[in-house]
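See below for the structure under consideration.
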Amino acid sequence: MPAVVPRLRPLARPPVPLPAPAPAAAVSRRAAFGGAAALALPWLAGCSAEASPRRDVASLAGAIASEQDLVASYEAARAADAALARRIDPVLAHHREHLAVLRRHYVPGSGNRAHEGGAIPSPRAIPLPPGGERIIAALRKAEERAALARREDAGRCRPGLAQLMASIGACESGHAGTVRPPAPRDAPKSDSKALQTALAAEHAAVYGYGTLGARLRGGLQQAAKDAWNAHRAQRDRLSAILSVPPVPASAAYRLPVRVASARSAVQLAAALEDGLVPAYVGLAGASSPDLRHLAADGAQIAAARSARWRSAAGEPAPPAAFPGLPSGALSPRPEPGE
């Protein structure tokens, strides 16, 4: 199971004064961390009532093929440049774990339904350019493509499987370290408890980012301001799609990292994003496909931001292959194909 990130608990004390606010206009996620271009991280850049419905088979087959290709690509990269092994072996291990769990969920149809889902093709590595850094850049692009595909899968699959797809996509987005703008998709009105949980996590993130900006300078301070504005915009978006009164923000929160320096401020930013991932993976179990899509997107963006803050702090990648995923979502409830 992934490591549990300390939750931000409300405090019954007056709020801590915040630094001067960034401009009120919401900044898109493309602005966060200087746009959508990936940075070189040190380590890569650095269930439901209906069991295994046939509509999930195609998504599972596609996800399995994608993970097979990623495993083959990392193995090819390792063979092409042995010096990359230290950087890519932890990521390769994640993809092998993804593949093993996806295969446990996959039960193709049989008899007159054998065609559903299609055959899974043989693994195929991506073409790799010469040179270690160019290989890493190609792998980052492959991770980003895979994360986008898992986001779409989360919108199509049943709720329990959608959580698995959202968690895998978040892991891959963390590998890529790329923050993309949210998909232009409207979420329906909902009074989902999971949506309130995600909103509460956004409230905590807004508060936490407000406490750390004064310790940062230059590009890091701007990145924190951009992330703060992005979380405010997401908070407002989640509040707007609730059909019941949204959970209010607390006056103050107990932070998982005490901010006493620029490095601890960056560590807090990473912890804030880590805390959002399980909230969004939980929301990926919603009954609405649009909410599942929104949740997978939120999990991926938080994981990518966390990865970039960790890179800035000189810290390694998170060890979890399935960030934020409930244990029950790892165990399939398949029914044999008819």
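These numbers were taken from a predicted model, which means no experiment stands behind them. Quick note: residue numbers are just sequence positions, from 1.
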[X] side chain near [Y] side chain, heavy-atom distance below 4.5 Å:
X      : Y      : result
Lys141 : Arg145 : yes
Leu268 : Pro256 : yes
His105 : Ile64  : no

Just how far is it from atom [atom1] of [X] to atom [atom2] of [Y], taken to the nearest 0.5 Å?
X      : Y      : atom1 : atom2 : answer
Thr211 : Leu255 : OG1   : CG    : 5.0 Å
Leu294 : Arg151 : CG    : CZ    : 10.0 Å
Ile136 : Arg87  : CD1   : CZ    : 4.5 Å
Lys193 : Thr197 : NZ    : OG1   : 6.5 Å
Glu202 : Leu276 : CD    : CG    : 5.0 Å

For [X] and [Y], indicate whether the former's side chain and the latter's backbone hold a donor-acceptor pair under 3.5 Å.
X      : Y      : answer
Arg292 : Cys157 : yes
Ser288 : Asp290 : yes
Gln196 : Val244 : no
Asp69  : Arg124 : yes
Gln163 : Gly324 : no
Ser306 : Ala302 : no
Gln221 : Leu216 : yes
Glu172 : Glu144 : no
Trp228 : Val206 : yes
Arg308 : Gly177 : yes

- request: Describe, in one word, how the ring planes of His175 and His98 are oriented to each other, choosing from parallel (under 30°), tilted (30 to 60°) and perpendicular (over 60°).
  value: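 Parallel: the ring planes of His175 and His98 meet at under 30°.
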Any luck finding a side-chain donor-acceptor pair between [X] and [Y] under 3.5 Å?
X      : Y      : answer
Glu273 : Tyr209 : yes
His95  : Glu143 : yes
Ser66  : Arg150 : yes

query: Looking only at heavy atoms, which two atoms of Ala146 and Leu70 are closest? And how far apart?
result: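 Heavy atoms of Ala146 and Leu70 come nearest at CB-CD1, 3.8 Å.
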field: Ser173/Ile301 under side-chain contact (heavy atoms from CB on, under 4.5 Å): CA gap, chis, key distance, verdict
entry: CA-CA 7 Å; Ser173 186; Ile301 290 169; over 6 Å; no
task: Any chance you could lay out the side-chain contact (heavy atoms from CB on, under 4.5 Å) test for Leu84 and Ile135, step after step, and finish with the verdict?
output: CA-CA 9 Å; Leu84 295 176; Ile135 289 174; 3.8 Å; yes
query: Should Leu60 and Leu148 be counted in the same cluster of Ile, Leu, Val, Met, Phe, Trp and Tyr side chains packed under 4.5 Å apart?
result: no
task: Kindly write out the residues that satisfy side-chain hydrogen bond (donor to acceptor under 3.5 Å, both in side chains) with His203, not counting sequence neighbours, or none if the list is empty.
output: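 His203 satisfies side-chain hydrogen bond (donor to acceptor under 3.5 Å, both in side chains) with no residue once adjacent residues are dropped.
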- prompt: Do Leu102 and Met165 pass the side-chain contact (heavy atoms from CB on, under 4.5 Å) test, and can you show the C-alpha distance, the side-chain angles, and the key distance before you say yes or no?
  reply: CA-CA 9 Å; Leu102 288 167; Met165 296 296 190; 4.2 Å; yes
- request: Evaluate the side-chain contact (heavy atoms from CB on, under 4.5 Å) criterion for residues Leu291 and Ile241: first the C-alpha distance (whole Å), next the side-chain angles of each, then the deciding distance (0.1 Å), finally the verdict.
  value: CA-CA 10 Å; Leu291 273 181; Ile241 63 178; 4.0 Å; yes
